[in-house]
Protein chains: 2
Amino acid sequence: MKLKTITETAELFGVSTRTIRYYEEIGLLSPARTEKNQRLYSNGELAKLKLIFRGKRYGFSLDEIKEMVLLFDKDRSGRQQLLRTIEYGKRRVQEVEGKIKELQEMKEEMEGLLDEFTEKLSQTKRG
Amino acid sequence: MKLKTITETAELFGVSTRTIRYYEEIGLLSPARTEKNQRLYSNGELAKLKLIFRGKRYGFSLDEIKEMVLLFDKDRSGRQQLLRTIEYGKRRVQEVEGKIKELQEMKEEMEGLLDEFTEKLSQTKRG
DNA sequence: TATATCATTTACGTTAACGTCAAGGTCAAT
DNA sequence: ATTGACCTTGACGTTAACGTAAATGATATA
């Protein structure tokens with residue numbers, strides 16, 4: 001378990017150190033610290049960051065991402081907590097399924113347009 | 001071809017009229033006007049709005065969306081233009097394909113987590 | 001010892017994407 | 001004629017998600 005510094009982490013994900021610190025500011029991360037107070041990022045924190053950036057790519061706000069991350073992060077030992085977590089998770093999975101469907105429609109629509117353009121092109125060629 | 005007013009359009013998409021006007025401000029829409037200068041939205045403009053909101057749902061910025069909309073919007077009659085448009089479009093389609101793949105991975109990951117939680121739950125049940 | 005590199009916190013600045021008045025014009029109903 | 005519902009164009013306000021700069025500290029290297 002090799003711990004990373006903040007610059008290493010930032011470079012790994014291609015973002016600024018400010019971004020990483022900001023995520024900590026809003027409670028998304030809680031890296032360990034060295035004796036001299038420098039941040040150290042474990043695999044766990046890196047995994048969180050992966051989730052964060054993935055979430056961002058699909059238009060989730062950091063607030064929504066926070067909900068999700070914290071949900072799968074904390075001790076959910078109580079039965080009630082577990083049930084809630086599972087219910088919430090299932091809903092999220094359905095959302096993701098919906099997004100996939102819409103993306104596929106979008107893709108088909110774009111491909112349709114491309115076909116039209118290609119058709120036009122071949123006409124231009126001949127005309 | 002029934003033209004819609006701005007409030008009808010806004011309600012149709014569940015956004016504010018300000019939002020619709022803003023999209024016009026940044027050059028995404030160009031609705032017709034009545035004699036008394038009121039905006040009227042044709043099916044074409046509505047289709048654009050559909051694309052815009054879909055794009056937003058996947059984390060595209062309005063600037064990126066603008067590129068895409070304008071691309072498929074203008075007269076692309078010249079051969080060069082057509083070729084460029086098609087190339088650009090193909091790249092976008094590949095991007096969308098990539099997004100779909102990532103979303104599927106995300107879904108599987110979430111389902112894996114849910115399985116773990118469900119497992120925990122059954123242990124709590126028995127314990 | 002001085003220079004450079006990497007880190008820290010604090011705090012003000014910026015931009016996109018709208019929200020929210022304000023002031024005014026049109027048209028139908030009371 | 002005035003109330004109300006709809007529209008218009010400014011124009012200033014707001015929030016999320018950082019950017020950027022200042023002041024400072026530890027550590028390595030020339």
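Below, read A as the first sequence line, B as the second, and so on, with proteins coming before strands; counting in each chain starts at 1.
In this structure, Lys36(A) places its NZ atom 13 Å from C1' of dC6(C), rounding to the nearest Å. Between the CZ atom of Arg21(A) and the C1' atom of dA7(C) there is a distance of 7 Å, given to the nearest Å. Leu28(B) places its CG atom 10 Å from the P atom of dC18(C), with the value rounded to the nearest Å. When rounded to the nearest whole Å, the span between CD of Glu24(A) and C1' of dT10(C) equals 15 Å. Put simply, CZ on Arg39(B) is 17 Å from P on dG25(C), counting in whole angstrom units. Protein atom CD of Gln38(B) is 11 Å distant from nucleotide atom P of dA28(C), rounded to whole Å.
Note on Lys50(B) versus Glu105(A): no salt bridge recorded, every NZ/NE/NH1/NH2 to OD/OE distance being 4.0 Å or above. A salt bridge links Lys48(B) and Glu45(B); the closest N-O separation between the charged side-chain nitrogens and carboxylate oxygens is under 4.0 Å. Ion pairing between Glu25(A) and Arg18(A) holds under the 4.0 Å rule for side-chain N and carboxylate O. Salt bridge Glu95(A)/Arg92(A): present, at least one basic N to carboxylate O contact under 4.0 Å.
Between the Lys56(A) side chain and the Ile65(A) main chain, no donor and acceptor come within less than 3.5 Å of each other. At least one donor-acceptor pair under 3.5 Å links the side chain of Lys66(A) to the backbone N or O of Ile26(A). A donor-acceptor contact shorter than 3.5 Å links the side chain of Lys99(A) to the backbone of Arg57(B).
Against DNA chain C, the stretch residues 11-19 of chain B makes heavy-atom approaches under 4.0 Å through Ser16(B), Arg18(B), Thr19(B).
For DNA chain D, the contact window with chain B, defined by any atom under 4.0 Å from a protein heavy atom, covers dC6(D) to dA11(D) in 5' to 3' order.
Between Thr5(B) and Glu25(B), the residue anchored nearer the 5' end of DNA chain D, judged by the nucleotide with its closest heavy atom, is Thr5(B). Map Lys56(B) and Ile6(A) each onto its nearest nucleotide of DNA chain C; the residue landing nearer the 5' end is Ile6(A).
Rounded to 10 degrees, the angle separating the terminal helix axes of the helix from dT1(C)-dA30(D) to dT30(C)-dA1(D), each built from five base pairs, is 20°.
Side-chain atoms of Glu109(B) and Arg54(A), non-hydrogen and from C-beta on, do get closer than 4.5 Å to each other. The closest side-chain heavy-atom distance from Leu62(A) to Tyr22(A) is below 4.5 Å. Proximity of Leu46(B) to Phe13(B): side-chain heavy atoms (C-beta onward) are separated by under 4.5 Å at one or more points.
With Ile52(B) as reference, Leu29(B) is the one residue of Leu29(B), Ile20(B), Val15(B), Thr19(B) to meet the side chain to side chain contact (heavy atoms under 4.5 Å, CB included) rule.
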